[in-house]
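Reviewing the structure listed below.
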Amino acid sequence: MNPAPQRLDAATATARLVHMPGWVLAADGLSISRQYVFADFRAAFGFMTQVALAAEKADHHPEWFNVYNRVDIRLTTHDAGGLSERDFSLAAVADAVAKQMVGQGA
Ligand code: H2B
């Protein structure tokens, strides 16, 4: 099994978020979140399917909520009690997948 991930402090997370438009740090500094709006449910669910497969492969899973074309996603590392590098990796995957959905209904 992988070693426990190292927790990142809020200052480190804030510095990272400067380069991640759309993502916000929670007031408690323990998670990051973003809202994606797609053209329709098909695009939103396609996004979720691709991110789910990547998440399962990485053994790092999002907390998320979907209504029609909207996906609210929150990332935190339970094993670290806050943010870790794994959250930023999954955020980058989600952004890349969302970008790819443009032209497929997004
Ligand atoms: N997902 C997230 N977001 N945080 C974790 O700490 C985490 C996870 N831990 N997915 C994984 C699964 C752990 O429970 C398994 C046993 O590796």
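Counting from 1, the numbers follow the sequence of the chain as shown. Remember, it's 1-based here, ligands and their atoms both numbered in the order they're listed.
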Review point. Where the closest heavy atom to atom 14 (O) of ligand 1 is concerned, which of Leu75, Leu90, Asp79 has it?
Key: Asp79
Exercise for review: Please list, chain by chain and in numerical order, all residues satisfying side chain to side chain donor-acceptor pair (under 3.5 Å) with Thr77, sequence neighbours excluded.
Suggested key: Ser84, Asp87
Review point. Under 3.5 Å, is there a donor-acceptor pair between the side chain of Arg74 and the main chain of Pro62?
Key: no
Point to revise | Proximal ligand 1 atoms for Thr76, defined as those under 4.0 Å from one of its heavy atoms | key: 2 (C), 3 (N), 4 (N)
Review point. What orientation do Phe47 and Tyr36 show, parallel under 30°, tilted 30 to 60°, or perpendicular over 60°?
Key: tilted
Could you go through residues 27-35 and list every donor-acceptor pair under 3.5 Å that involves a side-chain atom there, pairing it with any protein atom two or more places apart or in another chain?
from, atom 1, to, atom 2, distance (Å)
Asp28, OD1, Leu30, N, 3.0
Arg34, NH1, Asp95, OD1, 2.8
Gln35, NE2, Asp72, OD1, 2.6

**Study point:** Thr77 neighbourhood, listing ligand 1 atoms whose heavy-atom distance to it stays under 4.0 Å
**Key:** 4 (N), 6 (O)
